[in-house]
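Report on the following structure.
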Amino acid sequence: MKLFGTMNVNDKGHLEIGKCDTTELAKEFGTPLYVVDEDLVRNTCREFKNNFEIEGIESEVIYASKAFLNLAIAKVICEEGLSLDVVSGGELYTALKANFPASRIYMHGNNKTESELTMAIEEGIGRIVVDNRNELEVIEYLCKSLNKKIDVLLRVNPGIEAHTHEYIQTSKNDSKFGESIFDEDMCRIINRFKNSESVNLKGFHCHIGSQIFEEKSFYSEVSDMIKFLEKIKNECGFCTEELNLGGGFGVYYSEGDKPVNLKSCLKNMISILKEEAQKSGLNIKKVMIEPGRSIIANAGTTLYKVGGTKKTYGGKKYVFIDGGMTDNPRTALYDAKYEALVANKVNVENNEEYTIGGKCCESGDIIIKEIELPRVERGDIIAVLTTGAYNYSMSSNYNRIPKPAVVFVKEGEAKIAVKRETYEDIIRNDILF
Ligand code: LLP
């Protein structure tokens, strides 16, 4: 069991985050509740920025907002000087509403709609990451009709099989993302970009997957990309200015997880890049990375209230919480593992094995399959750790359950970042005809 950031156990034996007693947070804001440790987010942003500095080359850390996005986090990310990756009109809209500078926004997606692309072009975002040759046609046509020119990167797929869950591997040869670096038509594709009057191809983007523990996968990514850039320089006469290496740095969720050591991993990526780029005679001007999970995962905790417990005929002991797969679909989707504690009994000995089950009408609605906890009673507060990434952003209203509130905690102060949904919100778009 690992505590993160500002987590602490106070004199009452309660879990504290950002100097706020989590049992008090549960009382004040209700449950389920997403709690974000603002200092931990800021410190992690700084860790990325400080360790991803390359002498003689511009570097940029881009937060992959799909992991967790709302106005408040966009503001924090902006203040910390990171850029932002968006993959939809909704993410772009949120960023712009938070006054995130358009020039620091990158737009991804394998099937951006015309209206999403129009919004991106009109707002003058920093870069569109073009997924494939066919998307270029659409972007060109839109740029022409809007009388604009835009800087782009082309997403390529280096075919690296990083060891992670199959659903979050993104770089295999049959991936739906990007053009393969092995594509025989690569020069023809690049020439199409070079000859375009609407787009300015600055370089390439790649991303090898998510929740990757093996640092050597990132090193192979850098080497393989440099080899690719050298090849297209020699064979297609294209000099790459910018290289975006994506995200994917694995984090600790539960025992056995060996998170990437950011400092050494980033430093090694940089030195491999510098050395190999130099050998290949490449003149790369800017390098980017795009972490999402590693910035926000450990900074998020979900608080639930226990409604009751139950021992089945088969002998399994359940703890029932007032949320579930609606606020955290990751266990059901990826068999994700989490650690949790009873926030009001942190110092009490763990002597029971439980399964933590949600309240949705689905047997798969389990958050943790087996966990040792102290004896749990109705009214206890369960804190599930490392729920900052891809939980709120993948939450749903299954069973018409309103989405929880999000609070940011820091130095004893708790600020609402997203209000709890109400039943009114649930029927907001329904029409009774
Ligand atoms: N850049 C691109 C182009 C991506 O596709 C992703 C994640 C990232 C950056 C950020 O990756 P990260 O640093 O967060 O690993 N829903 C899944 C994760 C899907 C990740 C999709 N792409 C989950 O809950 O584990």
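Side chains are part of it too, since the values below use all heavy atoms of this structure and drop only hydrogens, waters and symmetry mates. Just so you know, ligand 1 is whichever comes first in the structure, and atom 1 is the first atom listed for that ligand.
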Please identify which atoms of ligand 1 are closer than 4.0 Å to at least one heavy atom of [X].
{"X": "His205", "answer": "3 (C)"}
{"X": "Gly247", "answer": "9 (C), 13 (O)"}
{"X": "Met394", "answer": "16 (N), 24 (O)"}
{"X": "Pro291", "answer": "13 (O)"}
{"X": "Ala64", "answer": "8 (C), 9 (C), 10 (C)"}

Parallel, tilted or perpendicular for Tyr252 and Phe4, by the 30°/60° rule?
->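 Rings of Tyr252 and Phe4: tilted, 30 to 60°.
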Please check if the distance between the ring centroids of Phe249 and Phe218 is under 6.0 Å.
->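 Aromatic pair counts; centres sit under 6.0 Å.
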Aromatic ring centroids of Phe228 and Phe204 under 6.0 Å?
->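 Aromatic pair counts; centres sit under 6.0 Å.
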Nearest option to atom 4 (C) of ligand 1, as decided by whichever heavy atom of His108, Lys66, Glu290 sits closest =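 Among His108, Lys66, Glu290, the closest heavy atom to atom 4 (C) of ligand 1 belongs to Lys66.
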For the pair Arg46 and Glu80, find out whether any cationic side-chain nitrogen is under 4.0 Å from an anionic carboxylate oxygen.
->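 Between Glu80 and Arg46 there is a salt bridge, with a charged N closer than 4.0 Å to a carboxylate O.
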Asp85 with Arg104: basic N within carboxylate O range, under 4.0 Å =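 No salt bridge links Asp85 with Arg104.
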Identify which one of Lys202, Lys233, Lys286 satisfies the salt bridge (Lys or Arg N to Asp or Glu O under 4.0 Å) criterion when paired with Glu241.
->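 By the salt bridge (Lys or Arg N to Asp or Glu O under 4.0 Å) criterion, Glu241 pairs with just one of Lys202, Lys233, Lys286: Lys202.
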So is there a nitrogen or oxygen of [X] less than 3.5 Å from a nitrogen or oxygen in ligand 1?
{"X": "Arg155", "answer": "no"}
{"X": "Gly292", "answer": "yes"}
{"X": "Gly248", "answer": "yes"}
{"X": "Arg293", "answer": "yes"}

State, without any angle test, whether [X] and [Y] hold a side-chain donor-acceptor pair at a distance under 3.5 Å.
{"X": "Glu290", "Y": "Asn244", "answer": "yes"}
{"X": "Thr6", "Y": "Asp39", "answer": "no"}
{"X": "Arg428", "Y": "Tyr423", "answer": "no"}

For ligand 1, the portion of [X] having any non-hydrogen atom under 4.0 Å away:
{"X": "Ser210", "answer": "both"}
{"X": "Asp85", "answer": "side chain"}
{"X": "Phe177", "answer": "neither"}

